[in-house]
Amino acid sequence: MCGIVGYVGPNVPSSRPQGVAMDGLRRLEYRGYDSAGIAVHTGDEIVVRKRAGKLQNLVDAIEADPVPDGVASIGHTRWATHGGPTDVNAHPHVAGDGALAVIHNGIIENFAPLRRELVEDGVEFLSETDTEVVAHLLARAYDGDITAAMLEVVGRLEGAFTLLAQHRDQPGVVVGARRSSPLVVGLGDGENFLGSDVSAFISGTKRAMELSEDQVVTITPTSVDVVGFDGTPATGRTYEVDWDAAAAVKDGFPTFMDKEIHDQPAAVRDTLLGRRDEQGHLVLNELRIDEAVLRQVDKVIIIACGTASYAGHVAKYAIEHWCRIPCEVELASEFRYRDPIVTERTLVVAISQSGETMDTLMAVRHAREQGSKVLAIVNTFGSTIAREADAVLYTHAGPEIAVASTKAFLAQITGCYLLGLYLSQLRGYKYDDEVAGYLEELAAMPDKISTVLDEQQERVRELARSLKDEDSVLFLGRHVGFPVALEGALKLKEIAYIHAEGFAAGELKHGPIALVDEGTPVFIIVPTPRRPVLHQKVISNIQEVRARGARAIVVAEEGDTEVEQFAEFVIRVPRTPTLMMPLVTTVPLQIFASEVAAARGLDVDQPRNLAKSVTVE
Ligand code: AGP
């Protein structure tokens, strides 16, 4: 998830294009901050400045080597997906001997065959990025009209992308294209803007136009033209932005956590992008562990902390079921002090959003010292854990700003599913068509997450406000519902400061049921009725807590009518394969915790005593 800004102004060169681009990048830095760059059209040429690292590095570079006045600009803050955070990999990327500059947010799934085609045509690549492929395709397609070139090129691209491009021969034009990635137009007077969200240009205008899927937009100082990828003219809905600049950075949501909860369909979808080859086989290209080694693996140990460890618990059920390999989940802070049994046939999987958690990093080092291969499932490109692991499977949740992890959690679970399916395919436990079936189910999950957000959110928020003064809440789950119960409890603890406990529903009678008092809120995550034995046992657990006065708040699959007679409150999730239910059952619990914290007047994004990345042991 990168930050994108575009600008076209009066045909009299000034410092405004550069100013608009840099101001936009400052507001967008939360969307990606491992490199940044701008391209300014001076009227005669396109001047590019780009640097790895924080935006300040770009500011310093421009101070050292000023950019001339211009008439148009594009700017980009990067969240790396292909190619490390380096100056060369930073956007904009140029082609055609510097005649064309392009910036990109998203993932071009078919960039590898396109890159091969261009190399065979004699193109010399400077970077490792998928974006540079687009720059060369555009330069090759350009014949005096950048819009026509864009229309030709987008027809060849697969994946999710927002593109902005400008050409030396068309000073007063910036063209944009979007597929499954955000792009919005800012409507000015004698100038126009483009941005990945309105925060990119909110200081220039509050009149905006939204674009639909598969559209190309061409802006000049006095016009905005929209066409579909098939060339048919279109128009976008215009609206007045009623946010202030601070709200705009959160896309209008009250907190980053709320924004990131709503980013979850995209986080899951983007983590799934680019994982299948032309034959539809699951491929994990960034894995650098030899397939023969993976075939010999006789045990998986997952190491992580906090929410990431709960993703590991979900993964355990999937990996053992799909791969028939023993899978242990170990808190990273415990792993290296318990003298674990690790051999060269053990695959240690380290899960971490930040890739900097010291407990997890130290556990990775210990595992490698013991001779095991380490695979990291991380969200932050080039992070320490990613660098020190033998192989990396990146999640693509984009930067997660709120301390409480939400979209990264769902992306981690998705990454674990991909790993489990990859191992089962590699070891022959699942046929290709079975793996393809699971991948199709996974591809349907973003829409199911959206359904929960659309249909249950307000009810859950109302429930949260009614329970904001409770001093204890319990969470029960079985099978993959158990780690979801743990995660629901952690969310409530860490942002609402309410005592909460998640536990396996089967454990209730072994002690925790003594906690249940008259009116105690108890969340119960119910398995699908298509697993009748599990389902019936959880129904019994609901009855047990209700018999002791608990308020049963049930998260259950649509159509599961049996739960209604025992539940005080039912939260519905779409029908989902059992192993994938955490991707939908977690969402109401995140919303609940966020709303309780807000209702208690607490800082949802920056809860007391906590840091986003715990870089101390
Ligand atoms: C989750 O809401 C917490 N912020 C915390 O448990 C977090 O998941 C844990 O510290 C691990 O962080 P990591 O994923 O960056 O390694």
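Ligands are counted one by one from 1 in listed order, and the atoms in each one are counted from 1 as well.
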Flag, side chain of R324 to backbone of E320, donor-acceptor distance under 3.5 Å: yes
Parallel, tilted or perpendicular: rings of H91 and H76 (30°, 60°): parallel
So, S405 and E400: side-chain donor and acceptor under 3.5 Å apart, yes or no? yes
Where is the tightest heavy-atom contact between T271 and L418, given as atom of each residue plus distance? O-CD1, 3.6 Å
Begin with the C-alpha distance, continue with both residues' side-chain angles, and end with the deciding distance and a verdict on side chain to side chain donor-acceptor pair (under 3.5 Å) for T86 and N89. CA-CA 5 Å; T86 62; N89 287 337; 3.2 Å; yes
Parallel, tilted or perpendicular: which describes the rings of F475 and F523, with under 30° parallel and over 60° perpendicular? parallel
Tell me, which residues have any heavy atom less than 4.0 Å from some atom of ligand 1? C305, G306, T307, A308, S352, Q353, S354, T357, V403, A404, S405, Q412, L490, K491, E494
